[in-house]
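The chain is numbered in sequence order, starting from 1.
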Amino acid sequence: MANSISQYWVRLLINLIFSISHLATQDLMETQEEVKEEGVGYVVMRNLFSRETDFKMRTVKKSRETSLRESAERLSLSRKMHEKEEFQKKMNPDSLTHPPEFIVKPRGQTVWEGKSVTLHCTVAGWPKPRVSWYKNNVLIDAKAHPEKYFTESQYNMHSLEIKNCSFSDTAEYRISALNVKGESSAFAPVIIKNGYSPEYGVTFNTTIIDKFDVSFGREGETMSLGCTVIVYPTVKRYQPEIVWYRNGVVLSPSKWVHMHWSGEQATLTLVHLNKEDEGLYTLRVNTKSGFDTHSAYVFVRDADVEEEGVPVAPLDVRCHDANKDYVVVTWKQPAVEGSSSIIGYFIDRLEVGTHHWTQCNDTPVKYARFPVTGLTEGRSYTFRVRALNNSGVSRPSRASDPVVAMDPSDRAPGPSAPWTGMIKFTEEDPTVGVVPGPPTDLAVTEATKSYVVLSWKPPIQRGHEGVMYYVEKCLVGTETWQRVNTGMPVKSPRFALFDLAEGKSYSFRVRSCNSAGVGEPSEETGATTVGDRLDLPSVPGPVIPIRNTDTSVVVCWGASKEVKNLVGYYIEVSINGSGVWVPCNNKPVKGTRFVCHGLNTGDKCVFRVKAVNAAGYSGSSAESEACIVQASIGEYCSVPSPPTGVTLLERVRDYMVLGWQAPTKTGGADIRGYYLDYRTVKDGVTSKWHEINLQTVTGTSYKVTDLKENVFYQFQVRAVNRAGISESSIPTVALECKEWTVAVPGPPHGLRVQEVRKDSMVLLWEPPTFSGRSPVTGYYVDYKEENGRWRCVQERSTKNTYMKLTGLQEGVSYRLRIHAKNVAGVGGPSKETDAILAETRPGTNEIVVDVDDDGVISLIFECSDLKEDSQFVWSKNYKAFTDTSRLTVQTSGVKSRAIFNDPSLEDLGIYSCVVTNTDGVSASYTLTEEGLKRLLDISRDHQFPIIPFKSEMTIELQEKGRVRLWAEVAKFTSNCQVEYVFNDNIIHEGKKYTMNFNKTTGITEMFMDSLEVTDEGTFTFNLVDGKATGRTSLVLIGEKFAELQKKSEFERAEWVRRQGPHFVEYLSFKVTPECDVHLKCKVGNIKPATEIAWFKDGIEIEEDDEDAKKIKKSDEVLIFDIGKISKKDAGVYEVKLKDERGKDKTLLNLTDAGRTVLNEVFRVIANSSTELKVMSTEHGIILYSFVVHYIEDLHIGWLHKESKISHSDRVQCGVTGEQLWLKINEPTEKDKGKYAIDIFNGQGSVKRVLDLSGQDLNNHVFICLSFLRAAAIAERNRARVVGGLPDVVAIQEGKSLNLTGNVWGDPVPEVSWVKNDKALLSDDHYTLKFEHGKFASITIAAVKTIDSGKYALLVKNKYGTEAAEFTVSVYIPEDEGEKRE
């Protein structure tokens, strides 16, 4: 048995040596990337040689159980090695290196603008190739542009994702695979289309109307954003794609976001708003023919804080790096810190399925990032965060999304690794008892002054059972390792250490453990100093506000220069001089430009900005210059849109002439000029952009000189206005600079004029026969009066072959001519027309629109000058009809009618009609989208007339609980009939129902004496009046029906109650102007025999009771006069009526209604307050107001310049009798301004204001200055000790002590010395001196222990007295004390 085992290990060693040599060769070849693939043989070899330096064969006696276990291990190891070899053969059959080869090449893609595209491929080769992606031969750096590119490589499969494609992403993409044997490339073109192809055989036009605007909400509210979407033409069962975005990220329906599409209305509802919902919202409507978008910003204000001064809630709580018992929670700091800076944050967790939040940290953390440990594996948690400052704790943030505490590999398994065979174990698991090896790659991932986070990789040798970990720390400079988690090992390869000494340096290491024991420690980390690694961001740069609209300002600022992991910026606004700052945004923004909305027109505002990262807030930037909130020049001022249509007009060997069209949107200001850029193109590779002109170009063409012949160039243009420079135009195609002959088009021909009116006419023409070297791109129209000069009608050319000239002068003759143009320039003029007189001839008719009774829409033109062979010729956009299915022309006599067969958006345009063989009889009508919509509404009304209602069906209760259902018809004839329906069943008049239709008033009604359970349902009135119909319904079900039935029964019971003595008005209270409280009620239908009794707390008030004097009766009103209310008046008051006809009662609970009564008392007191007055005293001034009455529960506040006054020794307030006062001692210039007293009136407050900003305050201050001046002189000249004396003197026995104090006073003060409150006199032991009126000294010769005590220097003059105290301690030296003993 021993020999077989020895032979087995020898063979195993040989195989291992071969295997390790192969692996070493493989590692040398894989120079492109550090890939380490450990097979089972490598693991066994490493464990074997790491424990023994010399290999020795020896025979060991083993038990049967041990032998069986080792046999199973050998069998398992042999199978693993065989499977490893098979896998290596599959990957590399001939054990040789191979150059890269593309098994699956990437395919070319064509996608629409705004979509994302992914390229895939599979690469083989040995060693494993390293791949790189290129765009037009330029390396793609996905890490530098994560928002645009994402690359992934797993198991020889590689992919490149291009996000949010734009037109500039159109290019040839290449993937290059490289290893030691060579390089191979594959290409894939990607085309981004910004136009769309027709769908269903038609082209869809999308229009968004009724757009949502900039919106403001508050936390906790619900907000809806909506737009009306018109897609033309209408195709049955076709719906566009509706997509909503927030800050460019697609939104999905969730608990907080609801989306609805009705077919016309797109609605986004934000439920329970939170600051996370703030941002730029975009609606995008996609069809295969195009798309349309609309965007607007949504601002979410903070909810009111529960306690004044506390911060608002943090936001955007997220979970990261979740493991079995560990998760990192991050959040963003709020915009408002409260009355003081935020001290830190508390993190709470909630296990999903429970309702109890548990606080995770006892000490608030300053960083906006915290590792939460101690989670239970397999359970889900949500987290929230609260901010803390000196005033208290904020409301909690919105809870994070749930996260599961489990290993990431178990949560979302990635692509499966290549199959390497099947591993089978014997009945006895051969891995039981394997002590795990040390963890690897231990590193400190986070280090703050609050905690340190470690991460590592599980050990390679760990058996098949789970492993846990012990973490150990060691203070740098010592050799002592201390286990941190002695009680409970952690399951995750992450751990957070708390309670470390700030400023100290530590090293860390980790041990693995399982049921077999604790493994060896990992390699220790380097020295880590406990402290914050992330610094606060630097202060942002200068802030520049720019006028925008009447309610908004554009704010720009310089980015923080020194900042790591920037979260964003908060912008604050303040009315200039107020000192009150309000946040403009409650969610950090990343850029350096923001539009602050919601401002008041005319306010003079200043702005400041602060940056935020995980460490906290930066300091606020310097305040901007004041900016008045009002619209900029025009409606508003912004940068213009990019120029369009950059074309080549001329080219020679060394220059090119470019032309372009001005921006369609000027941004509200004049275009000041243009800047041009160029770049070269060679073999599809482009260079960087370079400026062409430093001075702006004022025209829309420019000659670019100093170019090189036969070189390809691309050009782009930017427009400039007072707000800035626009985005660049779309670059031109690559243009070659070489000689080119320019040819302009010939003159147009066939000019004709129609629709001549007194102020307008329409000119039509035919294109020129010769168009030049390029097609005609447009036309210019010139006109002149008979003897005038030629003038161009339009600034830009028109592509149409017609133009309507407007703004002509009646009675003036005009001549017209046309110029055609192409990319080369403008051709010569056409032959001018004859003189045309601008006049409207008598009998001239216009085209009119008609909608007949059947809803048919048509255009009608009438001509009274018809000849025998005259014809009506209809055209659309001055072109003959080609699609007769859209329009049917009917001519009868002098009228011609053009009937729309199926009116839709396709029919929009200019419709004209010309009558031949007449003197230019013609007219036109422009059908717009708005006009078509109006006509369709009229057509629908004519086809399906509806009887209108002035009032829809309404229900009302009458006396005795009788129910009346009624509706009022607006328009009807005498033939109108009404059908009464209940739950789809026709009902008729009878015992239960009474019906009536008054054709004089148009009111139809139905009565029921009472409501029963069977009356629950839907009541309908159906009206028929010839072809017209009308319908109105009322649904009475559920709570609505039950409530109405209850009211009906109540009205019937009330009618019965009113047959006897009853209360017309129930018991209520009233507060008089003198603050007396009266309880009163009004009775009805009483007789002299009717008994009236008052009760308090169930006890009847007898005639001889003290409260009986408070009862009064006036006519039918009963009054109980409480007087000035107090706590003893609380209770339940009741009044009862009774006689032979019946009884009634009413009660009022003043205990429950006490707050309502007090609020009414507060209102009377507040309204009785007098205007504020001021009087002077010897100490200062007193502001006061009188009220009719005062109670302790009344809330009173004093304000100065709209800010609450803080009470101090100098400023005090109080109440004396009915006088409310505010005392200000020793007023100064700062005390000037408006003062107000704010008196609570039960709901709001009443303010009384007094302005002490002028001479009034000066007068009062002058009165008390005499008092203050005397006090100031006394304070300046009073006697005092200004220095020189210590607090404590320790002196050895036998030494001499000399102390000198500096004295001041005018007149010179009297000086004396005391010891233990007894006066000292100068003698042999004490020498007391006072020299020059300034220096007082004391000398104690040969001090003794009895000289110890409390001394004082007393100075005194007529303005005051002062004592400077000090202590003398006499001690005996130790050797001297021992001698004495």
Side-chain angles (χ1 to χ4, degrees), residues 218-219 274-275 301-317 329-348 357-370 383-398 448-451 498-499 502-503 531-532 534-537 539 567-574 578-588 608-621 623 1195 1197-1213 1230 1238:
R218 187 173 292 275
E219 282 186 305
N274 219 295
K275 288 177 289 190
R301 304 300 189 201
D302 287 293
D304 294 332
V305 294
E306 300 175 356
E307 185 178 352
E308 187 176 356
V310 302
V312 298
L315 66 153
D316 203 16
V317 181
V329 179
T330 63
W331 60 91
K332 293 178 181 176
Q333 296 91 336
V336 179
E337 296 185 81
S339 60
S340 62
S341 299
I342 292 177
I343 300 173
Y345 301 87
F346 287 118
I347 298 87
D348 303 332
W357 287 92
T358 303
Q359 186 170 304
C360 300
N361 56 316
D362 296 326
T363 303
V365 294
K366 186 69 176 177
Y367 268 50
R369 182 181 179 93
F370 184 76
F383 298 86
R384 68 183 188 187
V385 181
R386 295 169 293 145
L388 171 70
N389 68 1
N390 293 331
S391 298
V393 183
S394 73
R395 293 179 295 99
S397 66
R398 175 185 279 183
T448 70
K449 62 183 179 182
S450 302
Y451 60 88
F498 298 89
D499 300 327
E502 185 177 357
D532 291 338
L534 187 61
D535 296 327
L536 292 174
V539 176
V567 173
Y569 298 91
Y570 282 120
I571 302 93
E572 295 177 311
V573 62
S574 174
S578 68
V580 178
W581 291 93
V582 178
C584 296
N585 58 316
N586 281 289
K587 185 177 181 181
R608 68 184 186 187
V609 181
K610 59 183 178 182
V612 184
N613 66 1
Y617 304 89
S618 73
S620 296
S621 66
E623 294 181 13
H1195 297 297
W1198 287 89
L1199 304 175
H1200 178 219
K1201 296 179 181 178
E1202 302 298 331
S1203 298
K1204 188 176 180 181
I1205 294 178
S1206 300
H1207 299 283
S1208 62
D1209 293 340
R1210 194 176 71 87
V1211 180
Q1212 301 175 354
C1213 66
K1230 293 183 179 179
D1238 197 343

Calculate, to the nearest 0.5 Å, the distance between atoms [atom1] and [atom2] belonging to [X] and [Y] respectively.
| X | Y | atom1 | atom2 | value |
| --- | --- | --- | --- | --- |
| R369 | N613 | CZ | CG | 12.5 Å |
| Y570 | S618 | OH | OG | 12.0 Å |
| K1230 | H1200 | NZ | NE2 | 11.5 Å |
| S620 | K610 | OG | NZ | 5.5 Å |
| W581 | R608 | CH2 | CZ | 5.0 Å |
| E572 | E623 | CD | CD | 10.5 Å |

>> Could you tell me if the side chain of L315 sits less than 4.5 Å from the side chain of S397, heavy atoms only?
In response: no
>> Is the shortest side-chain heavy-atom distance between R386 and Q359 below 4.5 Å?
In response: yes
> Going through the checks in order, is the side chain to side chain contact (heavy atoms under 4.5 Å, CB included) test met by V310 and V393?
Replying inline: CA-CA 6 Å; V310 302; V393 183; over 6 Å; no
>> If you apply the rule side chain to side chain contact (heavy atoms under 4.5 Å, CB included), what do you find for K1204 with L1199, and how did you get there?
In response: CA-CA 5 Å; K1204 188 176 180 181; L1199 304 175; 4.2 Å; yes
Counting distance only, does the side-chain N/O of [X] pair as donor-acceptor with the main-chain N or O of [Y] below 3.5 Å?
| X | Y | answer |
| --- | --- | --- |
| N361 | I347 | yes |
| N586 | V336 | no |
| E337 | I342 | yes |
| S391 | S339 | no |
| S574 | V580 | yes |
| N585 | Y569 | yes |

> Are R218 and D304 close enough for a salt bridge, meaning some N to O gap below 4.0 Å?
Replying inline: yes
Determine the minimum heavy-atom distance between [X] and [Y], stating which atoms define it.
| X | Y | value |
| --- | --- | --- |
| G568 | P588 | CA-CB, 3.8 Å |
| P396 | A313 | O-CB, 3.7 Å |
| A614 | V567 | N-CG2, 4.2 Å |
| P314 | S394 | CD-OG, 3.9 Å |

>> Using side chain to side chain contact (heavy atoms under 4.5 Å, CB included), reason through W331 and Y345 one step at a time and then give a plain yes or no.
In response: CA-CA 10 Å; W331 60 91; Y345 301 87; 3.6 Å; yes
> When you look at K275 and K332, which way does the side chain to side chain contact (heavy atoms under 4.5 Å, CB included) test go after all the steps?
Replying inline: CA-CA 11 Å; K275 288 177 289 190; K332 293 178 181 176; over 6 Å; no
>> For E306, is the CD atom crowded, meaning more than 12 foreign heavy atoms sit under 6.0 Å from it?
In response: no
